[in-house]
Amino acid sequence: MGVTEMVGRERELASARAAFERAAAGRGSVVLVYGEAGIGKSSLLEELARHAEGSGASVAWGRCWEAHDAPPWWPWKQVLRALERDPGGFPDELWRAFDQVSEALKSVERLPVVLLLDDLHAADEPSLLLLRLLAPELGGTRILIVGTYRPEDVSPGSVASRVLAEVSRRATNIGLSGLSDSDSALCFARVAGFPPPRSLESALHRATHGNPLLISEMARAAAVGQELQRADRSVGFRVPRGIREVIDQRIGRVDASVRQLLEVAAVIGYEFSLPLLQDVTGKGSHDLVDALNQAEEHAIVRQNSTLGDYGFDYPLVRDALYESMRTSDRIALHREIAEALERLHSNDIDSHVGKLAHHYFKAGLGADPDKALVYARRAAEQAEGRAHHEEAARHFYRALKLAQARGADQETRDDLANRLTRNEQRTRAATGSPEVASSEGTFASEGEVWNVTFAGRTSRFKHTKGFDYLAELLAHPGREFLALELASPSAPETGIQATMQEGLTMGIGDAGELLDDAAKAAYRRRLRELQEEIDEAEAFNDPERSARAKEEIDFLARELATGVGLGGRDRKASSAVDRARMSVTRAMRSAMQRIAQDNPELGRHLDATIRTGTYVSYTPDPRTPPTWQISP
């Protein structure tokens with residue numbers, strides 16, 4: 001995260017700056033910043049470096065090489081080179097190296113000096129020992145050494161463990177944890193250009209534990225139109241490619257056999273029990289505990305109780321493992337898990353109906369679809385009886401899909417559809433989401449003023465472009481517009497070709513070649529349909545179709561994110577597309593915030609139904625859409 005994106009680190013940054021001020025006054029020291037990957041350690045150092053340079057200090061970076069085959073003294077060589085004090089070579093002896101570095105630092109003309117050593121967990125042994133020698137000698141100098149490390153990558157008993165423990169006793173220690181709910185939402189908004197939907201805020205924080213890197217990757221995916229939630233209403237998120245790469249690094253630290261076990265656990269869910277894992281895998285409890293201990297050491301899973309209950313440390317780790325598996329393997333495991341649950345809990349099925357409904361639904365035609373329908377309906381009715389309406393809606397939705405697939409009679413399907421609608425309405429009422437049945441609204445422009453009426457309340461707002469964009473979307477519910485179309489001086493009805501004709505006046509360059517009708521149609525068609533295709537393929541045990549759809553989704557996401565057109569053509573106009581996306585998003589979000597302040601009910605409705613990004617749209621509930629009178 002850069003300077004404009006750093007959120008929620010005021011206290012930690014103040015502590016680091018205080019250490020710098022002490023060093024500037026002649027009381028040098030060491031600061032150790034620690035936390036997991038992506039938590040913001042390097043961002044904190046970058047902020048401190050800007051502050052120090054602005055105060056006239058000399059700042060030098062030394063980054064340790066994570067490949068573990070760096071030459072000796074590697075971060076110190078980088079530091080001296082940056083300070084233009086490179087001696088041309090380091091002696092082999094530690095004491096001579098200590099004298100050489102000390103003399104080089106004392107000779108730096110611009111004081112104070114700030115040395116930033118990133119990723120000390122990966123430092124070579126001589127570099128760590130040199131840090132241990134230098135640390136107690138800084139007290140009467142104007143030198144500040146700031147190092148970062150990941151505790152989970154410091155092996156117990158290693159040189160890094162011993163040196164960091166000793167240095168930390170004299171250092172200022174700054175531990176970084178996850179951002180709060182509100183800071184997570186702010187981090188998302190600063191990266192995506194719009195806040196996360198209200199319904200996702202808490203789930204986003206739970207999934208990422210407030211990790212800024214993970215939140216930023218989720219935001220980048222949302223900004224280019226990727227759907228983060230699952231179309232079959234499963235709990236959890238679709239994991240963007242950038243996050244999968246981060247998680248793969250963490251999972252890559254465990255043995256291949258442990259990863260296979262974790263994949264089985266991922267199909268079970270975010271929480272899993274040792275007896276169920278043992279039943280499905282056929283492995284002995286001793287072997288399973290050893291494997292899970294290894295995963296726990298690398299912060300992948302945690303033990304929730306001494307009775308054999310475990311859970312994934314990060315929900316997104318579970319989601320990434322789940323998505324990395326072949327569809328056919330997942331389907332088979334869901335069936336095996338469902339059957340194991342029936343065996344293990346034959347005397348108490350009612351307490352596990354929700355889990356059984358989930359696994360039988362996910363097993364699709366690979367199991368017994370009639371049994372899947374029975375469990376889905378039982379789980380829905382059970383949740384409805386406990387007034388857990390969101391959970392009930394999820395199970396009624398699945399029961400309806402199964403009933404349709406099995407050709408159930410119309411009376412059954414109507415009953416399921418009605419109960420689904422009723423629980424959705426109760427969920428909206430409980431969460432403050434808008435109830436829009438029979439709603440009418442007006443969106444009328446009168447010169448420099450917009451008159452907006454909704455739910456019996458009329459408001460007047462000074463004209464901005466955001467209201468123009470909203471009016472266009474409200475006039476065309478369900479239609480996707482390219483943000484570039486709305487931002488163009490041409491009316492959107494003239495289409496993309498007219499927009500491209502005016503590209504020269506907008507500085508678009510070769511945009512016409514990129515966003516031709518065929519390319520635009522392909523993006524819209526596939527991004528709208530692919531996810532539903534995956535869910536249907538998995539439900540009906542068609543792994544090849546599912547795999548093809550997933551590959552295409554990944555391809556389209558890369559195209560949108562990296563600015564490459566369909567077929568690998570260069571996106572020479574990517575800057576214009578990005579500018580339009582950000583401009584339209586900011587304008588609409590600003591207008592929506594103004595509306596929400598004066599008419600909260602309409603604000604909630606727009607927040608739930610307006611989608612921003614490269615493509616923008618207004619998608620109200622098709623069963624109860626508001627009737628809008630638009631006068632642009």
Side-chain angles (χ1 to χ4, degrees), residues 1-6 9 12-13 15-17 19-21 23-24 28-35 37-90 97-98 100-135 138 141-150 153 160 163-164 167 171-174 176 212-213:
M1 297 175 67
V3 61
T4 60
E5 300 171 356
M6 193 170 187
R9 300 301 186 204
E12 294 88 349
L13 185 56
S15 181
R17 285 177 172 174
F20 167 74
E21 299 302 336
S29 65
V30 174
V31 174
L32 292 178
V33 182
Y34 60 91
I39 204 66
K41 301 182 296 295
S42 297
S43 296
L44 187 70
L45 264 62
E46 289 167 2
E47 286 282 357
L48 178 62
R50 276 185 280 270
H51 175 74
E53 288 172 340
S55 301
S58 295
V59 177
W61 285 82
R63 291 182 169 87
C64 302
W65 199 343
E66 299 242 25
H68 298 292
D69 57 355
W73 322 107
W74 180 244
W76 296 105
K77 290 178 179 180
Q78 295 176 73
V79 161
L80 295 185
R81 190 175 300 127
L83 294 173
E84 299 181 351
R85 292 295 184 273
D86 187 357
F90 260 67
F98 168 73
Q100 189 167 295
V101 171
S102 297
E103 289 302 317
L105 293 177
K106 291 176 184 177
S107 68
V108 176
E109 297 174 1
R110 194 175 63 172
L111 295 175
V113 177
V114 179
L115 309 183
L116 305 171
L117 305 178
D118 214 3
D119 293 331
L120 286 172
H121 55 272
D124 59 281
E125 183 174 331
S127 293
L128 288 166
L129 295 176
L130 181 53
L131 173 64
R132 185 176 65 181
L133 285 176
L134 282 169
L138 300 178
T141 73
R142 300 180 68 193
I143 299 171
L144 180 68
I145 298 177
V146 187
T148 71
Y149 68 95
R150 297 198 295 261
D153 286 336
V163 168
L164 291 172
V167 172
T172 297
N173 294 282
I174 300 176
L176 298 183
L213 175 63

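Excluded from the calculations below are hydrogen atoms, water molecules and symmetry mates; all remaining heavy atoms, backbone and side chain alike, are included. Positions are given from 1 along the sequence.
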> So, for Trp73 and Pro126, which heavy atoms are closest and what is the spacing to 0.1 Å?
Replying inline: CZ3-O, 3.4 Å
> Nearest 0.5 Å, what's the CG-CD1 distance between Leu111 and Ile143?
Replying inline: 7.5 Å
> Hey, does the side chain of Ser15 reach the backbone of Glu12 with a donor-acceptor pair shorter than 3.5 angstrom?
Replying inline: no
> Can you name the residues that form a side chain to side chain contact (heavy atoms under 4.5 Å, CB included) with Asp119, not counting sequence neighbours?
Replying inline: Cys64, Glu66, His121, Thr148, Arg150
> Which atom names give the shortest non-hydrogen contact between Val163 and Leu128, and what distance separates them?
Replying inline: CG1-O, 3.4 Å
>> Return the CG to CG distance between Leu134 and Leu115, rounded to the nearest 0.5 Å.
In response: 8.5 Å
> Is there a donor-acceptor contact under 3.5 Å from the side chain of Lys41 to the main chain of Gly35?
Replying inline: yes
>> Counting only heavy atoms from other residues, nucleotides and ligands, does the tally under 6.0 Å from CD of Glu84 exceed 12?
In response: no
> Is any side-chain heavy atom of Leu105 less than 4.5 Å from a side-chain heavy atom of Leu83?
Replying inline: yes
>> Quick check: closest heavy atoms across Gly147 and Leu120, and the distance to 0.1 Å?
In response: CA-CD1, 3.7 Å
> Below 4.5 Å, heavy atoms only, C-beta onward: do Ile39 and Arg9 meet side chain to side chain?
Replying inline: yes
> Nearest 0.5 Å, what's the OG-CD1 distance between Ser29 and Ile145?
Replying inline: 9.0 Å
> Where do Ala82 and Ala60 come nearest, in terms of heavy atoms and distance?
Replying inline: CB-CB, 3.8 Å
> Any side-chain heavy atom of Phe98 sitting closer than 4.5 Å to one from Arg132?
Replying inline: no
> Taking all non-hydrogen atoms of both residues, which atom of Val114 and which atom of Ala52 are closest, and how far apart?
Replying inline: CG2-CB, 3.9 Å
> Looking at CH2 of Trp76 and CD of Gln100, how far apart are the two atoms once the value is rounded to the nearest 0.5 Å?
Replying inline: 12.5 Å
>> Can you list everything that forms a salt bridge (charged side-chain N to carboxylate O under 4.0 Å, His left out) with Arg81? Sequence neighbours excluded, please.
In response: Asp86
>> How long is the straight-line distance from CD of Glu125 back to CG of Leu130, given to the nearest 0.5 Å?
In response: 12.5 Å
>> Distance check, rounded to the nearest 0.5 Å: Leu116 atom CG versus Leu45 atom CG?
In response: 4.5 Å
> Do the rings of His51 and Phe20 sit parallel, tilted or perpendicular, given the 30° and 60° boundaries?
Replying inline: perpendicular
>> Just to verify, what does Tyr34 make a ring-ring contact (aromatic ring centres under 6.0 Å, His included) with, not counting sequence neighbours?
In response: Tyr149
> Can you list the steps and then say if Arg17 with Leu48 is a side chain to side chain contact (heavy atoms under 4.5 Å, CB included)?
Replying inline: CA-CA 7 Å; Arg17 285 177 172 174; Leu48 178 62; 4.3 Å; yes
> Closest heavy-atom contact between Ile174 and Ala16?
Replying inline: CD1-N, 3.8 Å
